[in-house]
Amino acid sequence: MDGRRREVLLGMEAWKRFGGFVGSHMAFVSPTCVVLGVLFPDQLSVLRPAVTALFAFMTFQSSLSNTFGNLARTVRRPAPLVATLLLATALMPCAACVLATALFGASPNLVCGIVLEYSVPVAVVSAMWTNMLGGDPALSLATILVSTVAAPVTIPLTLHLLLGQTVEVDAARMMGEMVVSIALPALAGTLLNDASRGWAARDLSPALSPAGKIALVLVILSNSTGVAPYVRALTPQLVGVMAFICAFSVGGYALGLAAARLMRRPREQEVSMTYLVGMRNISAGAVIAAEYFPGEVMFPVVIGTLFQQVIAACFGTVLRRARRGEAPE
């Protein structure tokens with residue numbers, strides 16, 4: 001029996017080391033997944049039906065380190081939550097509109113796609129990144145929930161005010177997806193952690209963490225397949241749009257990080273704000289673009305898939321190095 005238990009413990013340690021290896025090498029793993037998704041879209045598109053379940057699992061695993069007490073503190077002290085939502089929901093779309101109009105004003109559809117890209121809710125996958133980098137799970141989950149719940153109002157309002165576009169978002173569909181991929185898994189994980197008096201955060205979450213990283217890899221692979229048709233039909237103008245989306249995406253992460261530091265937030269909230277401001281629910285944007293706009297609008301939205309996870313991995317490296325630099329010798 002002791003020998004069997006030893007084998008199980010050794011296997012678990014190897015499993016956790018594997019997860020740690022994947023997490024520490026996301027700056028290489030993410031672009032590799034993007035390239036594979038572009039090169040083999042037909043083969044990897046089989047992953048698409050599983051994306052909602054993968055999001056739900058990642059949300060559950062991330063919420064295992066959360067408690068209802070943490071959520072209550074986030075609500076009682078809402079400054080980071082409010083600041084993050086204002087940056088992501090108001091400042092980023094306005095800046096995108098001004099810059100896109102200046103650079104691509106001759107192509108209104110491309111401008112519309114760029115604005116739509118930054119009008120959609122905060123990405124669910126940002127919770128996975130913040131959890132992986134030791135962020136504040138309560139702040140991450142609360143921001144994602146509020147952003148997604150408000151999206152049926154904020155998306156049409158933003159597009160109308162900035163572009164004069166009239167869009168009717170399928171609120172029931174969006175809310176249903178939010179419940180399945182965010183609300184229920186987050187509630188289950190938080191309940192389990194509270195009911196187990198911290199066992200879920202201490203033991204279960206680290207055991208599931210490698211599986212969460214695998215789920216993230218599969219999501220990146222799946223999302224990247226949608227970019228393949230556009231990458232294969234590039235024009236000089238579309239290359240310019242790609243460069244803009246890449247640079248603006250970097251600016252989003254940097255804006256979140258800078259805001260957290262200006263507000264002198266603790267490191268956990270600094271990590272969360274970086275990813276919450278920087279990451280967008282591109283899948284939601286793609287659905288809206290496909291249903292309500294000409295095909296050209298789709299390009300700026302989906303092309304963000306090429307950069308979002310790669311830049312997330314690069315900022316993860318920056319944040320890890322900053323943490324090591326701040327650690328006492």
Side-chain angles (χ1 to χ4, degrees), residues 14-15 17-62 113 116-117 120 123-129 132 173-174 176-177 180-182 185 208-235 238-239 241-243 245-246 249 279-291 293-314 316:
W15 171 244
R17 284 197 301 272
F18 168 74
F21 175 83
V22 174
S24 63
H25 290 81
M26 285 302 294
F28 171 77
V29 173
S30 290
T32 301
C33 291
V34 170
V35 171
L36 290 174
V38 171
L39 292 177
F40 307 104
D42 295 334
Q43 293 82 353
L44 293 173
S45 62
V46 298
L47 295 171
R48 290 180 185 174
V51 167
T52 299
L54 292 170
F55 272 133
F57 176 77
M58 289 189 293
T59 304
F60 173 75
Q61 191 272 323
S62 299
L116 176 60
E117 163 80 350
V120 295
V124 177
V125 75
S126 61
M128 181 68 195
W129 280 102
M132 189 161 53
R173 177 179 176 181
M174 184 172 289
E177 291 179 352
V180 173
S181 63
I182 308 174
L208 294 180
S209 180
K213 294 180 176 67
I214 293 173
L216 176 59
V217 168
L218 295 176
V219 167
I220 298 172
L221 284 169
S222 176
N223 287 343
S224 299
T225 61
V227 185
Y230 303 96
V231 172
R232 294 171 182 172
L234 288 177
T235 64
L238 294 183
V239 171
V241 173
M242 287 178 62
I245 292 291
C246 180
S249 182
M279 304 195 81
R280 286 293 182 275
N281 189 336
I282 294 176
S283 298
V287 170
I288 294 170
E291 291 186 4
F293 295 102
E296 195 177 21
V297 174
M298 178 75 78
F299 179 80
V301 177
V302 300
I303 208 66
T305 306
L306 279 179
F307 310 113
Q308 181 161 265
Q309 302 295 340
V310 177
I311 297 170
C314 292

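This one's a predicted model, so the numbers in the text were calculated from it and none came from an experiment.
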Residue pair [X] / [Y], side-chain heavy-atom distance below 4.5 Å:
{"X": "Phe55", "Y": "Met128", "answer": "no"}
{"X": "Ile214", "Y": "Pro210", "answer": "no"}
{"X": "Phe299", "Y": "Leu234", "answer": "yes"}
{"X": "Phe40", "Y": "Leu221", "answer": "no"}
{"X": "Met58", "Y": "Val219", "answer": "yes"}
{"X": "Val217", "Y": "Val29", "answer": "yes"}
{"X": "Ile220", "Y": "Gln308", "answer": "no"}
{"X": "Ile303", "Y": "Met298", "answer": "no"}

Between Thr225 and Arg48, does a side-chain hydrogen bond (donor to acceptor under 3.5 Å, both in side chains) hold up when you go through it step by step?
-> CA-CA 9 Å; Thr225 61; Arg48 290 180 185 174; 2.9 Å; yes
Looking only at heavy atoms, what is the nearest atom pair of [X] and [Y], with distance?
{"X": "Gly113", "Y": "Val301", "value": "O-CG2, 3.5 Å"}
{"X": "Val120", "Y": "Asn281", "value": "CG2-O, 3.6 Å"}
{"X": "Pro185", "Y": "Ala56", "value": "CB-O, 3.3 Å"}
{"X": "Ala211", "Y": "Trp15", "value": "N-CZ2, 3.5 Å"}
{"X": "Ala312", "Y": "Met279", "value": "CB-CE, 4.1 Å"}
{"X": "Ile245", "Y": "Pro300", "value": "CD1-O, 3.9 Å"}

Measure up the Phe57 and Phe60 rings against each other and bin them: parallel (under 30°), tilted (30 to 60°), perpendicular (over 60°).
->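 If you compare the ring of Phe57 with that of Phe60, the planes turn out tilted.
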When rounded to the nearest 0.5 angstrom, what distance separates [atom1] in [X] from [atom2] in [Y]?
{"X": "Leu47", "Y": "Leu54", "atom1": "CG", "atom2": "CG", "value": "7.5 Å"}
{"X": "Ile282", "Y": "Glu117", "atom1": "CD1", "atom2": "CD", "value": "4.5 Å"}
{"X": "Phe307", "Y": "Cys246", "atom1": "CZ", "atom2": "SG", "value": "5.0 Å"}
{"X": "Ile288", "Y": "Phe293", "atom1": "CD1", "atom2": "CZ", "value": "8.0 Å"}

Ignoring hydrogens and geometry, is there a side-chain-to-backbone donor-acceptor pair from Ser126 to Ala123 under 3.5 Å?
-> yes
Verify side chain to side chain contact (heavy atoms under 4.5 Å, CB included) between Cys33 and Gln309, making sure each step is shown before the conclusion.
-> CA-CA 9 Å; Cys33 291; Gln309 302 295 340; over 6 Å; no
Please assess Phe18 against Lys213 for the test side chain to side chain contact (heavy atoms under 4.5 Å, CB included), listing each intermediate value before the final yes or no.
-> CA-CA 10 Å; Phe18 168 74; Lys213 294 180 176 67; over 6 Å; no
